[in-house]
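Letters A, B, ... are given to chains in the order of the sequence lines, protein chains preceding strands, and every chain is numbered from 1.
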Amino acid sequence: GAGVSQSPSNKVTEKGKDVELRCDPISGHTALYWYRQSLGQGLEFLIYFQGNSAPDKSGLPSDRFSAERTGGSVSTLTIQRTQQEDSAVYLCASMRGPQETQYFGPGTRLLVL
Amino acid sequence: KNEVEQSPQNLTAQEGEFITINCSYSVGISALHWLQQHPGGGIVSLFMLSSGKKKHGRLIATINIQEKHSSLHITASHPRDSAVYICAVLRGNEKLTFGTGTRLTIIP
């Protein structure tokens, strides 16, 4: 596709349930980021994948959060046992290589009731 | 204190006015990004710069590495420029650290 896509666009879940958020980066982009934007807050880094290197997970807020990137392309962010404070917009971005422009997806708006 | 500070937090101006948004940072960086986030939530990268000045249409971004400061200027502002403008710095670890954004509203 022409840009970064994310699915679902909106997700409402109950506290305690697991959710999976998907990101399809731009084809050929080696780097992929996940960010979170809570209501009224700035963007927050979660995790970074670069090629076949081990991901930088230093931004994940707890061990309930995990992410994987299969085949160097599609990425899935999983939140286990969701809490209300996990409610936010989760954004994915990809870039062709280090020090290049990041292209953002439209985000997944997650609401935990 | 945040590593990246933006000012003002909110800015309302009349159509046609010259707009300046400022960003100061306190860490060593390899590059600085200016991002635009529209009310629908989509984020677009406007500029990435590590020195000097860049221009794209009515938008101009400058950076002073010694002073750890960057500015985003909009000339002949238009209501469609209304958005949140976010400054983000890239450190050597390839992670972006974001400012809290400046909400710009241009009144016709």
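A:Val74 and A:Phe65 fall into different hydrophobic clusters, defined by Ile, Leu, Val, Met, Phe, Trp and Tyr side-chain heavy atoms under 4.5 Å apart, directly or through other members. When the side chains of ILVMFWY residues are joined at heavy-atom separations under 4.5 Å, either directly or via intervening members, A:Leu43 and A:Leu77 end up in two distinct hydrophobic clusters. Note on A:Leu91 and A:Ile47: separate hydrophobic clusters, where clusters join Ile, Leu, Val, Met, Phe, Trp and Tyr whose side-chain heavy atoms are under 4.5 Å apart, directly or indirectly. At a threshold of 4.5 Å between side-chain heavy atoms, the hydrophobic network of Ile, Leu, Val, Met, Phe, Trp and Tyr places A:Phe45 and B:Leu96 in one connected group.
What you find for B:Ser45 and A:Gln102 is that their closest heavy atoms are CB-O, 3.5 Å. Of all heavy-atom pairs between A:Asp56 and B:Lys95, the closest is OD2-CD, 3.3 Å.
Comparing A:Glu44, A:Gln37, A:Gln41 by heavy-atom pairs within less than 4.5 Å of chain B, the highest count is held by A:Gln37.
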- Item | Step-by-step side chain to side chain contact (heavy atoms under 4.5 Å, CB included) determination, B:Val44 to A:Tyr103 | CA-CA 7 Å; B:Val44 175; A:Tyr103 294 86; over 6 Å; no
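Of the two parts of A:Glu100, only the backbone, made up of N, CA, C and O, holds a non-hydrogen atom closer than 4.5 Å to a non-hydrogen atom of chain B.
Within a 6.0 Å sphere centred on CD of A:Glu14, heavy atoms belonging to other residues, nucleotides or ligands number 12 at most.
Side-chain contact check for A:Phe104 versus B:Leu35: some heavy-atom pair is nearer than 4.5 Å.
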